[in-house]
Every structure is written in structure tokens, then in C-alpha cells.
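Take a look at this one; I'll ask things after.
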Amino acid sequence: MLVAVGSPLLYFLISSDNEPIVGDQESAFIQETEELLYALSDDGKMVTKPMLQGREYNQTVSQPSIYPSENLPTQNSYDDVAQSQESTPQPEQYATPVWKKALDDFLKGNVSPEEFLSSLSTRNWKDARGALALAYEEKKLPSNKDFQQRFWTRVGEVGGLAVAEELLKDGDPAFSKILKGWVKATPQEMFDYYADLDLKSPEVQNYLAKTNSREIPLMDQFSSGMIDEVLRNSDGKIGNAQLDSANDLIDHFLAKDKGKAESLMREFTERVIKGRDKETLKQWVSGYEEPELQAGTAQRVIESGVFDKNPLEAVEFANSLGSTKAKRSALSSAYARLAGGVNGHDPNITAIELNAMEDGWQRDFALNGFAHGLVRRDPDAAMQWASSISNEGFRKIVTSNITKRIKAEVLPRPSSQ
């Protein structure tokens, strides 16, 4: 049983110099690069030249006064200045910015991207983003599979709250990409922001609509960064100290926002399940009595594939849970695996079973999972199954989410003009 605590929030977000190890696949790099390109303009068209220089946040340089001054130059003094400029040799162009030179060196394959990444700031990251898009379009960007993630992590580190708020307001997909860097650099700032973030606000809903994103994956991206920060000193190992720190963090949110607590539980469970056998994980799920926490653990355990040798066992496990909320999440996860045809399972057999089930929440949540499991292999069938959900309110949510996934994951990106 978890116990809520009231200690300073920053205690939960332990920082260190050790960075978490991130393992991306080549396909993920390609997809993220294409997403970067697609995000560069409001209409989804590819940018073919660097953007104008962005403004500097927290600017400290004094600005010209709007009031008259006794020391304002006279017309004669203006003439003197003009004459002086005419007689003084002027450079034909400005010196190449440090970030641009570092990027050019990296693109030529001469150096690692470290100097370029280190040169990023709130003033120049937009220009750098445009230059990267142009380099990709011209096939000059090396296939460094974790480079995109490192770029956005650095932007999050240097930009923090100011850049995050700008990206969210603009409905920019990069908003979710900077979270890991943001929490790494200023964990308390991001913690406070996320704790107060209203996912139903017009600004967030506009962002989700423009990016074909959904609330739960967005929460999970915040949670992922926060959990990584809690576990940073663990070297990938989960012991009692890490368990206590994560539970304290989750309990804090459980008292304020159960949905965010469930999201944190999903992300923490994903780190716990590595290397653990099925029976141990089943006990892990059963050890949480709170419905939201049991739901989060059950979902991630099933999604991990521990039941894939006998995927129908995941359905049995889902129905064995004590919490109705946990059963719903677990059934959705189990039927998503069945739709995916894990271990040679024939989804048509499951389709026959679903058609024979009586209307009710069990069938509706099984349909939810089955539809999501079909999105990439058969999007039309996915929409048909989602549309057969009996509960009207739930049906609208699921069909909306399926539509977003089809737009984001299945339909081709618009070509550049």
C-alpha cells in the first residue's frame, strides 16, 4: 500500500551527471527525422531554407527608450555617421555563426555532433532546426540513429519552460520531444508545470488535434522523463531505494491527478519488467490495490509480451484482476496483442469470439484493444471494430483515437512542394 508524502518535490527528481542510456532503432530515427521535416511548417510542407532567427528568451540587453532624450543626434550628426560609414570599408557579410560552422563540420563527417549540440541556445535553435531540415532534404544528414533525439534533448535543456510553452501554443510536434532534456536540466520546473497542466485546456486540445496526438501518450512522455530522472543513479537497476523514490512520486500524483499517477505507474512498470519472469510480474500487478496503479501495471506487463507464448492467457489474467478499472485496461492490452497475431495467433478466431460476445463493458474494452491492434495492418477494419462499441461516449473516444492514429501512423505524409 503506497503512502502519500509531502516532502519537497525536487527530492523525487534526483539528478546526476550520468545520462540514461537510450536505445533507438534505425527505423525510429527515420520516422523521427521525417516528423521533424513535417513539423517545420503549419501546412505540413517541407522547409527548403533556414528559418529566421528566433528571439532570445530572458533577454537582458537594454532596449532603446521610447522617450525623447537630450542626447538625440542632430541631422548633422546623422550625416557625419553616414559619411563615416561610406569611407570605412564594410565586411561583405556577417561572420558564420558558431552553430552553423559546427553543423557544417558535422555534416561533412569531420567531427562528432557534440560541438554543434553544445552551441545550441534559445536564440539559435530554430535556425539550426531549419538548417537540419535542409540538410536532410539535400541528403547531407548522416544516418546517426540517435542524433534527432540528442538534438531535441539539447533544445529541451537550453529552452526549458519558455520553449515548451511556445511549442505547445504553436501546436508543434516538437513539444513532446524536448521533455526529456527539460526534466534533465530543470526537473523541478518541469515537475511543477506538469502537475498544473490541464490536459483538457483548449491549448492542449489544440496541440493534440494539430499533431494527431492523444492525451495518454502525451502523459506517458512526461512520465517517462520523470521516471528516468528518478532512476538516473540506479545504472538500470531497480532496488528498494529506487522503488521507494518512484512510489513517493506516484503517490504524490495519486492524491491530485489519478490519470497522471496511472501514467507514471505505466512508465515505472516498463522499467521494472525487464528481466523478470511472468509469475513475478503477475505478483507485481496484484501487489497494488489502488485501481489506477493496478491498471497501469497490468497494461504494461501485458504489452511487454510475457504472455505471448499463449496470448489467450493474457485475457485470463485480465479477468482475474480485482479492480474493474484494471480489468478494462488489461483486456484492451490483451486483445491488442491478439489482433497483432502474436505467436502465430489468428486474429479471425478472436473476431468470431468478439461477434459472439454480448454487449457490455467487457466487449467494449476488448473491442478497444482489438481495434488499436489492427490500426497498422488493416486500418479500415480497425475503424469498423471501433464503431461497433456499444457505449456511445466510449465509442466516440475510441473512434477519435483510431482516426488520429491512422493519420499519424498509416497515411503518407504530404510531399514537399
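Keep in mind that what you see is a predicted model, and the values were worked out from it rather than measured.
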Any donor and acceptor pair, going by atom type alone, linking the side chain of N124 with main-chain N or O of D127 inside 3.5 Å?
no

Would you say the ring centroid of Y335 lies under 6.0 angstrom from that of F365?
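Ring centroids of Y335 and F365 are no less than 6.0 Å from each other.
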
Under 4.0 Å between a Lys/Arg side-chain N and an Asp/Glu carboxylate O for E392 and K396?
yes

Short N-O contact, D104 and K108, less than 4.0 angstrom:
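Salt bridge absent between D104 and K108.
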
Less than 4.0 angstrom from a charged side-chain N to a carboxylate O is my criterion; do E267 and R271 meet it?
yes

With K278, which residues qualify under side-chain hydrogen bond (donor to acceptor under 3.5 Å, both in side chains), at least two apart?
E313

Residue pairs passing the salt bridge (charged side-chain N to carboxylate O under 4.0 Å, His left out) test where at least one lies in residues 213-226, sequence neighbours excluded
K200-E215, D220-R266, D220-R300

More than 12 heavy atoms from other groups under 6.0 Å of CG on L107
yes

R376/E409 salt bridge by N-O under 4.0 Å criterion:
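Yes.
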
Which pairs pass salt bridge (charged side-chain N to carboxylate O under 4.0 Å, His left out) with one or both residues in residues 327-345, sequence neighbours excluded?
D308-R337

Using modelled atom types and a 3.5 Å cut-off, is there a donor and acceptor pairing between side-chain atoms of S201 and backbone atoms of D198?
yes

State whether D251 and K256 are salt-bridged, where the test is any N-O pair (Lys NZ or Arg NE/NH1/NH2 against Asp/Glu carboxylate O) under 4.0 Å.
no

